[in-house]
Engineer: 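First the structure, then my questions, so here it is.
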Amino acid sequence: MAIKAEYIWIDGTKPTAKLRSKTRVLPNADKIPTWGFDGSSTNQAEGHASDRVLAPVRVTKDPIRGGDNILVLCEVNETDGTPHESNTRALLRGVAEQYEAQESIFGIEQEYTFFKGSRPLGFPEGGFPAPQGGYYCGVGAEEVFGREIVELHLDRCIDAGLAICGINAEVMPGQWEFQIGPVDALTVSDDMWIARYLLYRTAEEFGIDATLDAKPARGDWNGAGAHTNFSTKAMREGYDAIITACESLGASQELVLEHVTQYGADIESRLTGKHETAPWNVYSYGVSDRGASVRIPWQVEVEQKGYIEDRRPNANVDPYVVTRLLINTCCAALEKAGQV
């Protein structure tokens with residue numbers, strides 16, 4: 001019996017890539033072929049040589065269409081099989097393989113905001129809601145907006161077999177979060193992109209837009225981030241490795257900027273030193289400090305082992321990029337220190 005395969009890929013739009021998808025009818029799911037698309041319409045090719053290749057890398061159940069239908073996450077390649085310049089997954093693959101022995105694990109907290117027209121969901125027309133605070137993990141119609149979309153999205157992520165581990169309402173009306181992990185770099189990134197696709201598609205059914213904008217509402221409101229939790233085998237076994245990883249991320253101003261300039265568009269508007277952030281161009285770390293660039297959770301200090309949370313990545317960060325940067329910086333430092 002024929003099935004529908006929804007091919008999903010990340011385009012070349014800058015400064016923030018978009019998700020694209022199209023449907024192919026296949027006789028079954030036994031063999032998922034490569035496919036092609038018009039790269040000149042996705043900022044991935046010139047019109048005179050526009051063919052680009054979709055190479056399947058992750059297949060899940062399609063929880064929207066149901067049945068035997070599937071979602072097919074793809075890398076984008078050139079016609080000669082080499083990775084396209086927008087293919088950030090290929091760059092992560094190489095770094096993950098290089099430091100595979102350190103057993104890196106990630107958990108990413110994806111914040112996002114629902115919009116109805118030009119206003120965040122829950123913002124009254126021609127005015128503003130009560131100040132932030134009561135909305136965080138809120139309960140009740142005066143505190144929470146869009147829960148029906150969030151619950152359906154969670155169910156669909158579970159049905160698709162993604163490594164989703166939780167949801168919560170955030171500090172601004174219409175702002176929510178879901179978490180993926182703890183899993184390896186490629187899995188957390190693949191699952192994050194598929195979960196984003198399911199979020200957009202689910203919100204679409206309600207006539208609502210889900211945005212990953214870093215500062216969806218200007219003024220005295222929190223921005224939207226993708227706090228990234230990270231550990232290696234050595235970090236999960238001892239505190240010295242935790243400190244080495246934290247120190248490595250601030251080893252030089254050049255390195256600090258290398259990370260933060262790739263942590264998502266419009267990062268300066270979110271990382272201001274206010275609203276539970278550190279200034280975008282100043283690196284710091286501390287125990288239980290949500291105003292630091294990198295937080296060491298209190299229980300990690302108590303237990304003298306565990307993980308760190310990089311609080312700098314924007315909601316619109318490319319998970320393939322942030323995981324690659326953390327592995328490349330921290331694992332290299334741990335290797336140099338003999339903490340592997």
Engineer: Show your reasoning for whether side chain to side chain contact (heavy atoms under 4.5 Å, CB included) applies to Y263 and W280.
Structural biologist: CA-CA 10 Å; Y263 274 7; W280 69 274; over 6 Å; no

Engineer: So, for T13 and N43, which heavy atoms are closest and what is the spacing to 0.1 Å?
Structural biologist: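 What the structure gives for the nearest pair is OG1-ND2, 2.9 Å.
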
Engineer: Distance from E268 atom CD to N281 atom CG, nearest 0.5 Å?
Structural biologist: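 Output value for this atom pair is 8.5 Å.
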
Engineer: Could you verify whether a donor N or O on one side chain and an acceptor N or O on the other, from Q262 and D318, lie under 3.5 Å apart?
Structural biologist: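 Per modelled atom types, Q262 and D318 side chains form no pair under 3.5 Å.
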
Engineer: Should I180 and I105 be counted in the same cluster of Ile, Leu, Val, Met, Phe, Trp and Tyr side chains packed under 4.5 Å apart?
Structural biologist: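 No; tracing contacts between hydrophobic side chains, which count when under 4.5 Å, never links both residues.
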
Engineer: Are L91 and I327 connected in the hydrophobic side-chain network, where two residues link if heavy atoms are under 4.5 Å apart?
Structural biologist: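 No, it is not one cluster - the side chains of L91 and I327 are not joined through contacts under 4.5 Å.
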
Engineer: Taking all atoms of both residues into account, what is the closest heavy-atom pair of E6 and R65, and its distance?
Structural biologist: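 Shortest heavy-atom separation between E6 and R65 comes out as OE1-NH1, 2.8 Å.
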
Engineer: Using the test side chain to side chain contact (heavy atoms under 4.5 Å, CB included), find all partners of V282 that sit at least two apart in sequence or belong to another chain.
Structural biologist: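 By the side chain to side chain contact (heavy atoms under 4.5 Å, CB included) rule, V282 matches P279.
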
Engineer: When you group the ILVMFWY residues by side-chain heavy-atom contacts below 4.5 Å and let the links chain together, are I108 and V294 in the same group?
Structural biologist: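 Yes: a chain of side-chain contacts under 4.5 Å links V294 to I108.
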
Engineer: Taking atom CD of E142 as the centre, does the number of heavy atoms from other residues, nucleotides or ligands within less than 6.0 Å exceed 12?
Structural biologist: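 Counting other residues, nucleotides and ligands, CD of E142 stays at 12 neighbours or fewer.
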
Engineer: At their closest point, which heavy atom of A90 faces which heavy atom of E75, and how far apart are they?
Structural biologist: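 In terms of heavy atoms, the two residues are closest at CB-OE1, 4.0 Å.
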
Engineer: What closest approach, in Å, do P56 and P33 show between heavy atoms, and which atom pair accounts for it?
Structural biologist: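 Nearest pair, atom of P56 first, then P33: CG-O, 3.5 Å.
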
Engineer: Through direct or indirect side-chain contacts below 4.5 angstrom among Ile, Leu, Val, Met, Phe, Trp and Tyr, which residues connect to W35?
Structural biologist: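 The other cluster members (ILVMFWY side chains, heavy atoms under 4.5 Å, direct or chained) are I3, Y7, W9, L26, I32, F37, L54, V59, I70, V72, V76.
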
Engineer: Between K18, R52, R20, which is the residue that forms a salt bridge (Lys or Arg N to Asp or Glu O under 4.0 Å) with D11?
Structural biologist: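 In the set K18, R52, R20, the residue that makes a salt bridge (Lys or Arg N to Asp or Glu O under 4.0 Å) with D11 is R20.
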
Engineer: Kindly write out the residues that satisfy side chain to side chain contact (heavy atoms under 4.5 Å, CB included) with V171, not counting sequence neighbours, or none if the list is empty.
Structural biologist: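 Partners of V171 by the side chain to side chain contact (heavy atoms under 4.5 Å, CB included) criterion, ordered by chain and then number, come out as Q132, Y136, Q175, N222.
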
Engineer: With rounding to the nearest 0.5 Å, note down the distance linking OG in S40 to CD in E46.
Structural biologist: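 If I round to the nearest 0.5 Å, the distance is 9.0 Å.
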
Engineer: Above 12 or not: heavy atoms from other molecules or residues under 6.0 Å from NZ of K274?
Structural biologist: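 12 or below, so no.
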
Engineer: Taking distance alone, no hydrogens or angles, what donor-acceptor pairs closer than 3.5 Å link side-chain atoms of residues 110-117 to residues at least two apart or in another chain?
Structural biologist:
from	atom 1	to	atom 2	distance (Å)
Q110	OE1	R196	NE	2.9
Q110	OE1	R196	NH2	2.9
Q110	NE2	A315	O	3.1
E111	OE1	G225	N	2.7

Engineer: Same cluster or not: I149 versus Y200, using hydrophobic residues (I, L, V, M, F, W, Y) connected whenever any side-chain heavy atoms lie under 4.5 Å apart?
Structural biologist: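 Hydrophobic grouping puts I149 with Y200.
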
Engineer: Would you say the side-chain atoms of D310 and T228 include a donor-acceptor pair closer than 3.5 Å?
Structural biologist: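 The criterion, which ignores hydrogens and geometry beyond distance, is not satisfied for T228 and D310.
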
Engineer: Applying a strict under-4.5 Å side-chain criterion to I, L, V, M, F, W and Y, I'd like to know whether V321 and L255 cluster together.
Structural biologist: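 No, V321 does not connect to L255 through the hydrophobic network.
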
Engineer: Considering only heavy atoms from C-beta outward, does the side chain of L249 approach that of L326 to under 4.5 Å?
Structural biologist: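 Yes. Closest side-chain heavy atoms under 4.5 Å.
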
Engineer: What distance separates C157 SG from M192 CE, expressed to the nearest 0.5 Å?
Structural biologist: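 These two atoms lie 9.5 Å from each other.
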
Engineer: Does any donor atom in the side chain of T211 or D209 lie under 3.5 Å from an acceptor atom in the other side chain?
Structural biologist: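 D209 and T211 do not have a side-chain donor-acceptor pair below 3.5 Å.
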
Engineer: Ignoring hydrogens, what is the shortest heavy-atom contact between P129 and Y135? Give both atom names and the distance.
Structural biologist: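 In this case the closest contact between P129 and Y135 is CB-OH, 3.5 Å.
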
Engineer: Can you tell me how far NE2 of H259 sits from CD1 of I267, rounded to the nearest 0.5 angstrom?
Structural biologist: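 Spacing of CD1 (I267) from NE2 (H259) equals 11.5 Å.
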
Engineer: Going by the side chain to side chain contact (heavy atoms under 4.5 Å, CB included) test, name the single residue among P216, P173, P120, P131 that passes it with W221.
Structural biologist: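 When side chain to side chain contact (heavy atoms under 4.5 Å, CB included) is applied between W221 and each of P216, P173, P120, P131, only P173 qualifies.
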
Engineer: Tell me, which pairs form a side-chain hydrogen bond (donor to acceptor under 3.5 Å, both in side chains) where one or both residues lie in residues 233-249, sequence neighbours left out?
Structural biologist: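 Listed by first then second residue: S231-R236, K233-E237, T244-Q339, E247-Y285.
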
Engineer: Of all heavy-atom pairs between Q304 and E301, which one has the smallest distance, and what is that distance?
Structural biologist: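 What the structure gives for the nearest pair is NE2-O, 2.7 Å.
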
Engineer: Which of parallel (below 30°), tilted (30 to 60°) and perpendicular (above 60°) describes F230 and F106?
Structural biologist: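 Correct class here is tilted.
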
Engineer: Could you tell me if T42 and Q44 have a donor-acceptor pair between their side chains, going purely by distance under 3.5 Å?
Structural biologist: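 The answer is yes; a qualifying pair exists.
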
Engineer: Answer yes or no: is there an ion pair linking R156 with E205, defined by an N-O contact shorter than 4.0 Å?
Structural biologist: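 Yes.
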
Engineer: Flag yes if more than 12 heavy atoms outside D68 fall under 6.0 Å of its CG atom; otherwise flag no.
Structural biologist: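 No, the 6.0 Å shell around CG holds no more than 12 heavy atoms from other groups.
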
Engineer: Tell me, yes or no, whether the heavy-atom count around E254 atom CD, taken from other residues, nucleotides or ligands under 6.0 Å, exceeds 12.
Structural biologist: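 Not more than 12 within 6.0 Å, no.
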
Engineer: At what distance, to the nearest 0.5 angstrom, does CD1 of I308 lie from CE of M235?
Structural biologist: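 It comes to 4.0 Å.
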
Engineer: Among L186, D190, L71, which one satisfies side chain to side chain contact (heavy atoms under 4.5 Å, CB included) with R58?
Structural biologist: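 Running side chain to side chain contact (heavy atoms under 4.5 Å, CB included) over L186, D190, L71 with R58 returns exactly one hit, D190.
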
Engineer: Please collect all ring-ring contact (aromatic ring centres under 6.0 Å, His included) contacts where either partner lies in residues 141-169, sequence neighbours excluded, each pair once.
Structural biologist: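 Residue pairs with at least one partner in residues 141-169: H153-F178.
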
